[in-house]
Amino acid sequence: MREDVEALDIRDVTANWVNSLVLQAQIDDRIKALADLSHTPLFFGRLDYLHAPGAELAEGAEGEQFYIGRRHVHDADGDPMVIDWRAPVSQPFYRASKNDPQDIALRRRFGYTGGELTAYEDEHLSDPSEAAAVSKLLQREIERPRVGPMRDIVATIQPEQDEIVRSGLSGSVCVQGGPGTGKTAVGLHRVAYLLYAHRERLARTGTLVIGPNRSFLHYIEQVLPALGELEVKQATVDDLVARDGLEVRDVDPAETAVVKGDARMAEVLRRAVHSHVTEPAEPLMVVRGSRRWRVPAYELAEIVGELQRRDIRYGAARDALPQRIAHAVLVRMEQAGEAPDDRVQDAVARNAAVKAVVKASWPQVEPAKLVLRLLSDPEFLAEHAHGVLTEDEQKLLLWPKPFRSVKSAKWSAADLVLIDEAADLVERTPSLGHVVLDEAQDLSPMQYRAVGRRCTTGSATVLGDLAQGTTPWATRSWDEALAHLGKPEAVLEELTAGFRVPREVIAYASRLLPEISPGLAPVSSVRETPGSLVVTRTDDLTPAVVEACRASLAHEGSIGLIAADARIPELAEALTAAGLAYLSPGEETTAESRLTLVPASLAKGLEYDYVVLDEPAAVVSGEPDERTGLRRLYVCLTRAVSGLTAIHAAALPGALG
C-alpha cells in the first residue's frame, strides 16, 4: 500500500504549481501514515461471524471472518485483509460476551512480543458449553512493561471504554475516571474514532488535545500517529492563551490566582470593555457635494444604544456602527428624493465625520492594555468590580507597583487567561470541531472558559479525576466545570474499573479518598499482584531511597523516583554519586536508561512499571494546604503499574498510618 502511494506520478494531473504542492503534501502525509512500526503488528484480533454482517440470519447462511487491526489493510486487488478497529464490523471484538455474543462464533486474540506473533487465544462466544474466562493475553498486554512513550490500547479496549470511544461527534462527553482506568487512552482513541467517522468535517474544523504540561504531551504524542492520525494538534492551556510579545514572568500567590481564575472576572472584564462606549453628545454633519446631511445627537445615541443591547462582540459592533450611521444618512437622502445605492452607503460610512463619531463613541480596545489598567488602577478596578468582587479581593488583584506598559509588565499565567477573555469580548475566538481536555480537574473557571471558546460550535471530551485536583482552584464538581466550559449538556460517564494500578496499591491510596474527595467511588482494580506494595520506615532517608531505586532496576520496565519538588536537588546529587543515570520527565525511557526522577508536581498523568516514592509527608507539606497536599500524594501513590515502594523517615499522614 505504501509503495503504491510512493509510485504515484502527479506531473500530469495538477492544474498548477499550487495544486501540485497541496497534492504532494497529501501524498507525503499518506506515506507517513503507512509507515511500518517494528513493535506494532498489523492485526491483533480475529472475528468469526456466524452469519455475514448485514445478511439475513437464515438457517444455513454462511458466516464471515475478519482480522481486526490498527489500520485498514487491503491486498493488491483492493480486497480487505485487515479491518480498521474503528469500523462498525469490528465493534463486537470489544462488546461481544458470552451473555451477548452479537452473532460471533469465535473471537481470537493474538499475542505479540517485539512485533512477532507469539501466542493466540480463542473464545467461542456462541458455544454454551464453554464457560466465560478472563483473557490471559489481555491481562498480559495490560501488564507489559512500559518503556518509551504511552502506547495505544486498541487491543485491550474494554466494553465500557468502547461505549465512550464510539459516542457521536455531536455531543460532548465528560469522563470521571480514577487512576489506571484508562481515561486518557479513551480520550485519545475517541479522537481517532471521530476522525475515522467524520474525517471530512474534522479536516475542515480541526481537532485539539489539551494536556496539563509539556511532559505529559510528550508522553502521549505517539498514540495517535501509531493509529495513523497525524493531523491532531496538542497544546497546554498556557499555549492556547499565549500572545505575541507577552511573556509569563511572574507567579501569583495562591489566593491571588484563585480570584483571577474565578468566573466572576468575566463580568468585571465585560464591564471594563463596554465602559469605553459613550453616547454621542454632538450631532453629525455629513457633506456630500453641495448638500449637507444632519443626524441629531439623540438619533446617534439611539443607534449606539441599540448596538450595545445586542449580544454581539465589541469589535463587531464597532464595525457595524459606521454602516448604521450611514444608513441614517441614506434615509434622509431618500426622503429628499435621491436614490442612493450601497456604494453611496459605503462612501458615507468612510466619511471623515462618521469616522470621528465612531472613534469618539466606540473607541478601539486593546485587551492587554485593558487588563494592565485593571491590575494597575484601583479606581478603574473598583468601578467595574463593584458588587462583583469584595474590596479584599480587589486588593489581591492589584499589582504592588504598577507597570508602565504591556511589554514591561510581569504577567502571570492567570493574567494571560484574563487577556484571552478580554480578546474574545472584542473579537470572537475561532472554534474547532473537537477538543479533548485531559486532567481537567485542575483548571480554574476562567481556564474552562478559555477552552470552551475553542469549541463553541464543536464538541468536547473532558477527562479527569476530582480526587486528583491539586490546584487551589481545583474543580469541585463536573456540573460546575461543564457549565463554565459552555457544555452543560455533556454526558457524564464514570470509569471505576482499574487496569493499570495493582489492587494492593490502589486500595492503599484509596484510604485518602474520604479526606480528599468524599463520596467519590474508589477504583476497583482487576489486577491482584501480591507483593506490589512495600512501605518502609528508615532513619537514613536518601541512601535508602537510592538503594530502593537500584533494587527496582533489577526488574524489567521503567522506574520512576517521585519526590516532593524541594527534595529533587538532593536526590539528583545522590543518584549521580551512586552512579545511577536518570532522566527528567518527558525524556523518553529506553532499554539502557529506565530511571526517571520526577518532581511530585509533574507526576500527574505519567506511569511507570515500578515507583519509588520518597517521603510522603514531604509531598503533602509541599502544597499550600493539607487537602491539596493529600491529593498530590494520591497522584504520586497511583503512578505504578507493577509495584510501589514508599520510603519515609517522618510519620505518614494519618489516613495512611
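Keep in mind that the numbers below use all heavy atoms, side chains included, and drop hydrogens, waters and symmetry copies. Since the structure is predicted, the reported quantities are computational estimates derived from the model, not experimental observations.
Comment: Asp415 engages Lys260 in a salt bridge, judged by a side-chain N to carboxylate O separation of less than 4.0 angstrom. Remark: Glu123 engages Arg107 in a salt bridge, criterion side-chain N to carboxylate O under 4.0 Å. Taking the charged nitrogens against the carboxylate oxygens, Arg631 and Glu515 have no contact shorter than 4.0 Å, which rules out a salt bridge. Arg627 and Asp625 are not joined by a salt bridge, as no carboxylate oxygen comes within less than 4.0 angstrom of a charged side-chain nitrogen. For Glu247 and Lys410, the salt-bridge test fails: no basic side-chain N is under 4.0 Å from an acidic carboxylate O.
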Would Arg503 and Glu528 count as a salt bridge (Lys or Arg N to Asp or Glu O under 4.0 Å) here? Give the steps.
CA-CA 5 Å; Arg503 187 177 302 172; Glu528 188 170 357; 3.3 Å; yes
Go through it in stages, so that I can follow the logic: the residues are Asp614 and Ile647, the test is side chain to side chain contact (heavy atoms under 4.5 Å, CB included), and I'd like the CA-CA distance, side-chain angles, deciding distance and then a yes or no.
CA-CA 5 Å; Asp614 170 90; Ile647 301 178; over 6 Å; no
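Relative orientation of the His555 and Tyr610 rings is parallel, given thresholds of 30° and 60° on the angle between their planes.
Counted within 6.0 Å of CZ on Arg2, heavy atoms from surrounding residues, nucleotides or ligands total more than 12; the atom is thus considered enclosed. The environment of Glu587 atom CD is dense: over 12 non-hydrogen atoms of other residues, nucleotides or ligands sit within 6.0 angstrom. The environment of CD in Glu255 is crowded: more than 12 heavy-atom neighbours from other residues, nucleotides or ligands sit within 6.0 Å.
For the 3.5 Å distance criterion, the side chains of Gln91 and Asp162 fail to qualify, holding no donor opposite an acceptor. Between Arg567 and Thr542, the side chains place a donor N or O and an acceptor N or O closer than 3.5 Å (distance only, hydrogens not considered). Residues Asp438 and Thr184 bring a donor and an acceptor atom of their side chains to less than 3.5 Å of each other. Side-chain contact check for Arg214 and Thr236: no donor-acceptor pair (N or O, by modelled atom type) lies under 3.5 Å. Under 3.5 Å, the side chains of Tyr219 and Glu588 contain no donor-acceptor pair of N or O atoms. There is a side-chain donor-acceptor pair under 3.5 Å between Gln441 and Glu439. Using a 3.5 Å distance cut-off with no hydrogens or angles, the side chains of His434 and Thr461 do pair a donor with an acceptor.
Distance check: Leu485 CG to Leu443 CG gives 9.0 Å after rounding to the nearest 0.5 Å.
In this structure, the salt bridge (Lys or Arg N to Asp or Glu O under 4.0 Å) partners of Asp442, at least two apart in sequence or on a different chain, are Lys604.
Nearest heavy-atom pair, Val173 versus Ala490, reported as atom, atom and distance to 0.1 Å: N-CB, 4.3 Å.
Tyr120 carries Arg108 over the face of its six-membered ring, with the cationic atom under 6.0 Å from the centre and within 45° of the normal. Cation-pi geometry between Arg109 and Phe93 is met: under 6.0 angstrom from the ring centre, within 45 degrees of the axis.
Ring pair Phe43/Phe110: centre-to-centre distance below 6.0 Å. Centroid-to-centroid, the aromatic rings of Tyr634 and Tyr508 stay 6.0 Å apart or farther.
Between Thr207 and Lys233, the closest side-chain pair of non-hydrogen atoms is not below 4.5 Å.
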